[in-house]
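Let me begin by presenting the structure, written as structure tokens, before commenting on it.
Starting from 1, each residue takes its place in the sequence as its number. Order of appearance sets the numbers: ligands from 1, and atoms from 1 within every ligand.
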Amino acid sequence: MLYSTMHRVLTATIIISNCNRMMAIYYRVILLLIVSSRTNGSCNFTVSVPTNAKPGTDVVSVQSLMRMEKEELPCVIVEGDLYGRFTVSTNCTIVVARPLDSSVQSKYLLKIRVRRLQNPGDLVVRLKVNVTNVLGYPPVYNETCKTPVRHSVEGTSEFLFSGTLTAEFETTSGDVMFLKETLNKPREVWDMDSRKLSIITGNTCQFSAVFGVRGLNDVMVAAELFQSHHVNFTLKVFCQAESGQMPKVSVQLFSTQSKLKSDLHPLEQVVPNVMAKLQHPPLVYLFSVAYPTKSPTRYNCKFPSLQRPIMLSTDIDTVRVKHVQRITLDVNPVGCAPGKYGLLCDKTCICENSARCHGFNGACKCTDGWQGVACDIPKPGVSVTTTPSDPSDIFISANIIIHCQVHHLDVNTLSLRLPNESVIVSYGANRLDKTLFNIQSKDSGPYVCQVRDTRRNTFKTTIVLDIANCPPNKKGQLCDERCDCSGFARCDRWVGCVCPPGRTGTRCETTCPDGTYGKDCGKACSCQHGAICSNSDGTCTCTAGWYGSDCNVRCPKYRYGLRCQQACTCKNDAVCDNVDGSCACVAPWTGKDCDEKQPTRSEPLVESLVPVGCLIVLVVFIATILYKKNFVCRLAHRIDGETEVVLEIEQVEADLAQTVRPGWLSRWETTSRHLTLGHLIGLGVFGHVIQGTLQTSDGEIGVAAKSVRRKDTQCYRNFYREAAILVAVHEDQHHDNFRSNIIRLLGLINESSHKYILLEYASKGNLLRLMRREKRRDGAQSFLQCLRYAVHIARALQELQRLAITHCDVAARNVLITADDVAKLADFGLARDVYATVQYVADDGNGKEELAKNLESEVFPLNWMSLESLETGQYTCQSDVWSFGVLLWEISTLGQEPRYDGNNRPSCLRLARTLRRGIRLRRPPECSGEMYDVMSSCWQENPSARPGADVVEKRLLQLNLAFEMETAV
Ligand code: ADE
């Protein structure tokens, strides 16, 4: 109080002032004392400053302290500030220069030399600075919720987390809608009014954010929500993590129109004086996340049931929502770019000397030799580390290195004491490394690094090694038994295989029995109506006719099929079957759609003559011609290019909902700046392929960049379908890039003007071209090699079968051969999952003639298609086996085009009839009986009578062996 008028102190407070060792009594007295002792006198002052004072904060003005405002006082800190925490600005003001940390140093005794320009001699001021504790500071680096540093592709997320919100709801018009929104960038409304957003972060892995909403649409939705729930001012959506009790998300909506203090109380608790900060928007969201984990988490949200329908605007449409069936939020901690932290990754880390910065609160985790809130204060001493650093890599029989490293000391001696009491000593060096070969349990115990510096101070640090694990895949007392666990199971020395959720058995070789899931298959599935239950997390994949998280909700009245996406066609009050859409007519109506009054003996209908698959081809053909003639253009023109792309992505996601995980595109996205394109290497109906190089963190790699051939619906659909299928394949937990026979995906580029699927470059090109080239050389050797390729593709089909994916275009032209002679299945543009029953749809080519040609050849590879695919348009893994049989035929002829009865281009209808009559591709003259048997078995009329890809692989391996022996003789 006394001094408040004497000097300018912004955050610091002076406690005691003492000049010339006299106690401070009264400021006039002090002034006198100062004045009287200014020649070689020394003044003592004490101030305190909070530990969280930011660099740049004034601590105290020495000039004011000494009542010498009129004099110019150049001064300098000459002692007491070894690590430069303070500096001096004008008027001899002491300023915080670097972050303080009371836990490292809570008192500074600064010696300040003050030059008096008008008087001879310097004055010495001793300033004691007490650094006081502040509750909650410095922030704690919490390991349980640490987030990664996002070095990868820019722009995938602007948040610390990426999230996907999925909702299932029923509209008043009877539709079931599935909404999926990726939350990785601030939406426009959040940005409004210069982002009136307050964020509180905690040390306990929690975030709370409050933001005001002004967007008209959101205000209207909120008003409807309040009305619907008969509440006026608050509404809460609460989400619980699937995995356990603790992690939770809650979103509360508050109307600030409330005059009741208690209504806004929860808000005030999080942000005191929140309304003043947000300047009274009509609505405020309070968003709280508890995230005590490092892993992706799924939250299931409870949305209060609606008393009245509410309006919901999506990017495409506005609908009235009658019932919200399910809301899930998938949260994935993606981390911020280096040097940034916070929910919006907008805060700058202060960590130095390679310290890690915590994504939640910016707390620094110092590397050895550094301390302080910013890890910028040297920490003299010695550290001990090991190589490998991960304790799980330190096992019996491994070779390890113990490193002793001295920090900020002049070393006299450095020593390492081993558990067996032997000591290794070095002189003068600040580093000592000791390699231990073939470590055993007896090497367990403390390893002590000790340093003695030139001032005879001693520092030591100990690491305790517990060498108890067996080498990878080994178990038992002597580590001499093998685990041989399947999949991603862990091999434990005493327990053996420790299975991941969804697997069981001594080697985790079996998936959980039906109806169970999770760790040790200990949880009961709740999926109903024949839904498939995920072994690992119990999520349900509904069968046709049902939806909801447990698949216990029947499709609404006018919908049927998978995810209720088909519209019923039943007329005249008929009841539509939720599974297959068949109509139960009410008299007197009959017919498929219950729109015929008299049952008439049907004429031989077109449908009974023409198989459904052929009809579809016909419809597509007509539609395509109409499209070319601009009949359909009006619709197309309403949609701009990018919207079309978004719609196609959504369509592909809806089609492949059972197969691809949300966020698939962003997880694989890279930027075109990393891609250098070369020359064209392939031109297909829907896309083209360019050779290129991709810059990765491991250097440059050769790639094949596949893009759309034209910017139209069909090309985009095939492009995204291929991308999504490849992502699903590559994200499967059992996928192994080095063993897989599916072309490797390296990344995706999805910019508005550059869209590429980046694939490994297979330098030997496609199998068809290779065979045609090789034919002219040594036929027998080429055939043998091709047989090996066939084995590879049989393996690719097994991989696809495991993932319930059908390729739909297995043919030699779609097999690529790598530099090291591995065949890889490629061209997944027509692939789908087995849950989808959609056909190919052809698009316009370049002219009518070309189109017709496409329809009958490339776009519809009729001669490779199974009987049931031709007739019904259905594709299964067994129909891929049929096409694989045709691929074997291509191999047997080293690249001839398959023709039935010499007819090159049969119509779909004619071909189906031919096959029904039992006619198949003829045995090529050079093909052995055994080989023809294998391919013929793939062409059995009954799909389930065909061999699986695993059986085909075995038979081919036998043939291969026999053929090798034959040619060797
Ligand atoms: N043609 C199409 N895709 C290719 C790839 N990945 N490598 C080489 N040629 C190709």
Legend entry - Side-chain heavy-atom pair Arg661, Arg667 within 4.5 angstrom cut-off: yes

Inset, instruction - Look at atom 9 (N) of ligand 1 and say which protein heavy atom is nearest, naming residue and atom and giving the distance to 0.1 Å. - result: Ile681 CD1, 3.5 Å

Legend entry - For Ala704, the ligand 1 atoms whose distance to one of its heavy atoms is below 4.0 Å: 4 (C), 5 (C), 6 (N), 7 (N)

Legend entry - Glu760 N/O under 3.5 Å from ligand 1 N/O: yes

Legend entry - Per-residue contact class, Asp827 against ligand 1 - non-hydrogen pairs under 4.0 Å: neither

Legend entry - Which of the ligand 1 atoms, numbered from 1, are nearer than 4.0 Å to a heavy atom of Tyr761: 7 (N), 8 (C)

Inset, instruction - Please test Thr818 against Glu760 for side chain to side chain donor-acceptor pair (under 3.5 Å), starting from the C-alpha separation and ending with a verdict. - result: CA-CA 9 Å; Thr818 65; Glu760 70 173 308; 5.8 Å; no

Legend entry - side chain to side chain donor-acceptor pair (under 3.5 Å) against Gln940, all qualifying residues, sequence neighbours excluded: none

Legend entry - Option from His792, Gln798, Gln958 for which side-chain hydrogen bond (donor to acceptor under 3.5 Å, both in side chains) with Glu953 holds: Gln798

Legend entry - Aromatic ring pairing His730/His735, orientation class (parallel under 30°, perpendicular over 60°, tilted between): tilted

Inset, instruction - Return yes if some donor-acceptor pair links the side-chain N/O of Asp827 with the main-chain N/O of Asn814 below 3.5 Å, else return no. - result: no

Inset, instruction - May I ask you to check whether Ala762 has an N/O atom sitting below 3.5 Å from an N/O atom of ligand 1? - result: yes

Legend entry - Identity and separation of the nearest protein heavy atom to atom 3 (N) of ligand 1: Leu816 CD1, 3.5 Å

